[in-house]
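Both backbone and side-chain heavy atoms feed into the values below; hydrogens, waters and symmetry mates do not.
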Amino acid sequence: MRSTLFWFRNDLRLHDQRALKQAIEHAQTHQQNLLLLYVHEPVQDQPTAWGFRRMGAHRRRFVVDTLQDLQNALQAAGQRLVLLHGPVADVLPACAQAVGADTVFCEDIAAPEEQAQVQALIKAGLNVNTLWQSSLIEPVALPFAAENMPQVFTEFRQRIESAGLKPLAPLPAPTDWPAPPPKPLGHLPDWTENAFTLLQAHTEGDAQDDAHPRSNFPYTQAACQGGETRALAHLHSYLTPPWPDRYKQTRNALQGQHTSSHWSPWLATGALSARRIWAELAAYEEQHGSNDGTYWLWFELLWRDNFRMLHLQHGPQLYAARGLSNLPKPSHFPKDFQRWCHGQTGEPIVDAGMRELAATGFTSNRMRQIVASFLVHDLSCDWRAGAAWFESQLVDFDVSSNQGNWLYVSGRGTDPRVGRRFNPAKQAQDHDPQGRFQKAWL
């Protein structure tokens, strides 16, 4: 019996999975088995051009938690998750051949590497069906074509709001599943069984502070672990008065687990859908009323959409040294960059933020802006090195948001201002006047 493949990418959940729904319907229509898989590429374990591993211990651990939760949910539904280890262009076609599949369904991701993966599968002879499902608003629903998208976020937001656009309603998790391929799964190579062990092994031996009392996001505690189960529990917990109502007033705080929504780690792994957030936020507003706090949660989710749509408009240019600007190629000073990474610049507020990031894999949005600005504008280092360090360290690394924010701070994105330097002394006075955050980490 032939099979249909569904490839989980940055959508590690069962709710609001329209691409998975398509795969299920295809398998049922053609009377095929359904094989669900995830690919861990070796490049994630290799050093970057900047000298450190692309996926650090904190992010890897969160991804492992997320995959384990997904596997548990699938097993409860009579399914299984096959974990492949190797280049997508090699292991996925081999898997397809082993189970008699020629069609793959997956999430559409506009970033260059992710697009190249899909093209490699097509070149290998597979039929690849991609579906965009990571944003609030669908690209086809926008009141402008992607190539004509406003370059400034304010106009982007205003045109969406003026058009009265609302997200699609989120889908529930599937309940009617095709059968998985019978075991053993053809002649799948040994790395299929060993992939999860490989992922876990790389989290061992790395410096970690497992239950850091000062962490903004103590992800080793049960409430902050990876996976759809914890994501939905946290969503419901946060959407309880007074937290959403206070969001605008507290979102720039450097400390505090309820000062921000902290949805980003689960959004980044796809364990939580942006449309699911919107639906439950709308229900909250209907029950408790709307206000500046709830509006700004929508506002921030639209920023996330904007960074995704920029990839549809500019693609690989977002990764060029000059970004979208006419500025000269950035300079770089490796020793200063290393001091920044390890929180040894001598600037207290910056060093505190970088030490928090290294110890926990997380730091607040305001702190990210402060440390990014310092690297680019005070140390005159290459913004791409900073973006790579964030990719390695952050448990909520998201390729679109990370790239967009670094371009924004460095003045190489769509922002009309040439650069956004954050004065460290002023930032410390405004956001840590008592010095509590700095004392906690220095």
Colleague: Answer yes or no: is there a side-chain heavy-atom contact under 4.5 Å between R59 and E391?
Modeller: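 R59 vs E391: side chains touch.
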Colleague: Identify the two heavy atoms, one from R60 and one from M55, that lie closest to each other, and give their separation to 0.1 Å.
Modeller: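 Residues R60 and M55, closest heavy atoms: NH2-O, 3.2 Å.
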Colleague: Is the number of heavy atoms from other residues, nucleotides or ligands under 6.0 Å of N148 CG greater than 12?
Modeller: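 Enclosed: over 12 neighbouring heavy atoms sit under 6.0 Å from CG of N148.
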Colleague: Could you pull out the closest heavy-atom pair between S401 and F307, with the gap in Å?
Modeller: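 The answer is CA-CD1, 3.7 Å.
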Colleague: Is it true that a side-chain atom of H234 and a backbone atom of S261 form a donor plus acceptor pair closer than 3.5 Å?
Modeller: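 Yes, because the side chain of H234 sits within donor-acceptor range (under 3.5 Å) of the backbone of S261.
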Colleague: Start with the C-alpha gap between R436 and D432, add the side-chain angles, then the distance that decides, and say whether salt bridge (Lys or Arg N to Asp or Glu O under 4.0 Å) holds.
Modeller: CA-CA 6 Å; R436 290 173 183 157; D432 192 31; over 6 Å; no
Colleague: Would you please indicate yes or no on a ring centroid separation below 6.0 angstrom for H258 and Y247?
Modeller: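 No, the ring centres sit 6.0 Å or more apart.
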Colleague: As an exercise, state the distance from CG of L67 to CD of Q71, rounded to the nearest 0.5 Å.
Modeller: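 Spacing of CG (L67) from CD (Q71) equals 8.0 Å.
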Colleague: Could you tell me if the side chain of K21 sits less than 4.5 Å from the side chain of L171, heavy atoms only?
Modeller: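 The answer is yes, as the side chains (C-beta and beyond) meet within the 4.5 Å cut-off.
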Colleague: Among F153, F156, W298, whose ring-ring contact (aromatic ring centres under 6.0 Å, His included) with W303 holds?
Modeller: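 Of the listed options, the one satisfying the test is F153.
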Colleague: Are the side chain of W266 and the backbone N or O of Q225 linked by a donor-acceptor pair below 3.5 Å?
Modeller: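 Present.
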Colleague: Are any side-chain N or O atoms of S392 and backbone N or O atoms of A388, one a donor and one an acceptor, separated by less than 3.5 Å?
Modeller: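 It does not hold such a pair.
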Colleague: Using modelled atom types and a 3.5 Å cut-off, is there a donor and acceptor pairing between side-chain atoms of D351 and backbone atoms of T345?
Modeller: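 Checking the backbone N and O of T345 against the side chain of D351, a donor-acceptor pair under 3.5 Å is found.
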Colleague: What verdict does the salt bridge (Lys or Arg N to Asp or Glu O under 4.0 Å) test give for R308 and D398, after you've listed the backbone C-alpha separation in whole Å, the side-chain angles of each residue and the deciding distance to 0.1 Å?
Modeller: CA-CA 10 Å; R308 277 163 163 65; D398 173 282; 2.7 Å; yes
Colleague: Is it true that D430 and K426 make a salt bridge, defined as a side-chain N closer than 4.0 Å to a carboxylate O?
Modeller: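 Salt bridge present between D430 and K426.
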Colleague: Output yes when R368 and D396 qualify as a salt bridge under the 4.0 Å nitrogen-oxygen rule, no when they do not.
Modeller: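 Yes, charged N to carboxylate O under 4.0 Å.
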Colleague: Going by atom types only, do D108 and Q115 share a side-chain donor-acceptor pair under 3.5 Å?
Modeller: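 Yes, side-chain donor-acceptor contact under 3.5 Å.
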Colleague: Given side chains that start at C-beta, do those of L14 and P174 come closer than 4.5 Å, heavy atoms only?
Modeller: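 In contact.
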Colleague: Side chains of L235 and R276: closer than 4.5 Å at any heavy-atom pair?
Modeller: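 In short, these two side chains touch, coming nearer than 4.5 Å.
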Colleague: Do W50 and H332 have ring centres separated by under 6.0 Å?
Modeller: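 Yes, they do, as the ring centres are separated by less than 6.0 Å.
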Colleague: Going by distance alone, is a donor N or O of one side chain under 3.5 Å from an acceptor N or O of the other, for H311 and Y319?
Modeller: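 There is such a pair (donor and acceptor under 3.5 Å, judged by atom type) between the side chains of H311 and Y319.
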Colleague: Check step by step if side chain to side chain contact (heavy atoms under 4.5 Å, CB included) holds for R80 and L74.
Modeller: CA-CA 6 Å; R80 67 171 297 196; L74 290 170; over 6 Å; no
Colleague: Got a sec: does the CD of Q344 have more than 12 other heavy atoms crowding it under 6.0 Å?
Modeller: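 Yes.
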Colleague: Taking the ring of H262 and the ring of Y238, is the distance between their centroids below 6.0 Å?
Modeller: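 Ring-ring flag for Y238/H262: false, centres at least 6.0 Å apart.
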Colleague: May I ask you to test the V371-W340 pair for a side-chain heavy-atom distance under 4.5 Å?
Modeller: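 Answer yes - side chains close enough.
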Colleague: Just by distance, with hydrogens left out, do Q427 and R366 show a side-chain donor and acceptor under 3.5 Å apart?
Modeller: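 Yes - a donor-acceptor pair under 3.5 Å links their side chains.
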Colleague: For residues A274 and L267, report the shortest heavy-atom separation together with the two atoms involved.
Modeller: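 Between these two residues, the closest heavy atoms are N-CD2, 3.8 Å.
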Colleague: Does a side-chain heavy-atom distance below 4.5 Å link F397 with F62?
Modeller: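 Contact flag for F397/F62 side chains = no.
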Colleague: Taking the six-membered ring of W7, is the NZ or CZ of R9 close enough (under 6.0 Å from the centre) and on axis enough (within 45°)?
Modeller: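 Pair R9/W7 counts as cation-pi.
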Colleague: I need the single residue from D11, D16, D305 that forms a salt bridge (Lys or Arg N to Asp or Glu O under 4.0 Å) with R275. Which is it?
Modeller: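 Per the salt bridge (Lys or Arg N to Asp or Glu O under 4.0 Å) rule, the option paired with R275 is D16, out of D11, D16, D305.
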Colleague: Under 6.0 Å from the CD atom of Q46, do we count more than 12 heavy atoms belonging to anything else shown?
Modeller: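 Yes, because the 6.0 Å sphere around CD of Q46 holds more than 12 heavy atoms from other groups.
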Colleague: Donor-acceptor pair, distance only, cut-off 3.5 Å: does the side chain of E228 make one with the backbone of D69?
Modeller: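 Absent.
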Colleague: Any donor-acceptor pair under 3.5 Å linking the side-chain atoms of W132 with those of S135?
Modeller: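 S135 vs W132: donor-acceptor pair found between side chains.
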Colleague: For the pair N129 and L131, evaluate side chain to side chain contact (heavy atoms under 4.5 Å, CB included) and give the outcome as yes or no after the intermediate values.
Modeller: CA-CA 7 Å; N129 296 273; L131 182 71; over 6 Å; no
Colleague: So, for P316 and P112, which heavy atoms are closest and what is the spacing to 0.1 Å?
Modeller: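 Answer, listing the atom of P316 first, then P112: CA-CG, 3.8 Å.
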Colleague: Ring centres of F52 and W389 under 6.0 Å apart?
Modeller: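 Distance test on ring centres: under 6.0 Å, yes.
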Colleague: Taking all non-hydrogen atoms of both residues into account, name the closest pair between F437 and A352 and its distance.
Modeller: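 So the minimum-distance heavy-atom pair works out to CE2-CB, 3.6 Å.
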Colleague: Answer yes or no: is there a side-chain heavy-atom contact under 4.5 Å between F8 and Q17?
Modeller: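 Yes - at least one pair of side-chain heavy atoms lies under 4.5 Å apart.
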Colleague: With rounding to the nearest 0.5 Å, note down the distance linking CD in Q255 to NE2 in H431.
Modeller: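 Here the interatomic distance stands at 13.5 Å.
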Colleague: I'd like to know if E161 and R157 make a salt bridge, using a cut-off of under 4.0 Å between side-chain N and carboxylate O.
Modeller: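 A salt bridge links E161 with R157.
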Colleague: Kindly compute the distance separating CG (L239) from CD (Q287), expressed to the nearest 0.5 Å.
Modeller: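 Separation between the atoms: 10.5 Å.
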Colleague: Test side chain to side chain contact (heavy atoms under 4.5 Å, CB included) on S331 and D382 and set out the steps.
Modeller: CA-CA 6 Å; S331 57; D382 195 322; over 6 Å; no
Colleague: Shortest non-hydrogen contact from A359 to H58?
Modeller: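 What the structure gives for the nearest pair is O-CE1, 3.3 Å.
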Colleague: What's the verdict on salt bridge (Lys or Arg N to Asp or Glu O under 4.0 Å) for E138 and R18, showing C-alpha distance, side-chain angles and the deciding distance?
Modeller: CA-CA 12 Å; E138 298 293 296; R18 292 184 298 128; 3.0 Å; yes
Colleague: Keeping R339 on the side-chain end and P334 on the backbone end, is there a donor-acceptor pair under 3.5 Å?
Modeller: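 Between the backbone of P334 and the side chain of R339 there is no qualifying donor-acceptor contact (under 3.5 Å).
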Colleague: Determine whether P167 and I137 make a side-chain contact, defined as any pair of heavy atoms from C-beta on separated by less than 4.5 Å.
Modeller: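 P167 vs I137: side chains touch.
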Colleague: Without hydrogens or angle criteria, can the side chains of D45 and H40 be said to hold a donor-acceptor pair below 3.5 Å?
Modeller: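 The criterion, which ignores hydrogens and geometry beyond distance, is satisfied for H40 and D45.
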Colleague: Are R251 and F299 in a cation-pi setup, meaning NZ or CZ lies under 6.0 angstrom from the ring centre and within 45 degrees of the ring axis?
Modeller: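 No, cation not above the ring by the 6.0 Å, 45° rule.
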Colleague: How long is the straight-line distance from SG of C95 back to CG of L35, given to the nearest 0.5 Å?
Modeller: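 If I round to the nearest 0.5 Å, the distance is 5.0 Å.
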Colleague: State the CG-NE2 distance between L357 and H342, to the nearest 0.5 angstrom.
Modeller: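 Separation between the atoms: 11.5 Å.
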Colleague: Could you walk me through whether L375 and F337 satisfy the side chain to side chain contact (heavy atoms under 4.5 Å, CB included) test, starting with their C-alpha distance in whole Å, then the side-chain angles of each, then the deciding distance to 0.1 Å, before giving a yes or no?
Modeller: CA-CA 7 Å; L375 179 71; F337 175 65; 3.9 Å; yes
Colleague: Report yes or no: does S325 contribute a side-chain atom to a donor-acceptor pair with the main-chain N or O of R322 at less than 3.5 Å?
Modeller: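 Checked: pair present.
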Colleague: For the side chain of H288 and the backbone of T240, is there at least one donor-acceptor N/O pair under 3.5 Å apart?
Modeller: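 No; zero donor-acceptor contacts below 3.5 Å.
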Colleague: Got a second to check how far M149's CE is from T414's OG1, nearest 0.5 Å?
Modeller: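 The distance works out to 7.0 Å.
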Colleague: Do any N or O atoms from the side chain of W406 and from the backbone of R412 form a donor-acceptor pair under 3.5 angstrom?
Modeller: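 A pair under 3.5 Å: no.
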Colleague: Between R421 and D378, does the salt bridge (Lys or Arg N to Asp or Glu O under 4.0 Å) criterion hold? Intermediate values first, please.
Modeller: CA-CA 8 Å; R421 180 183 182 271; D378 291 76; 2.8 Å; yes
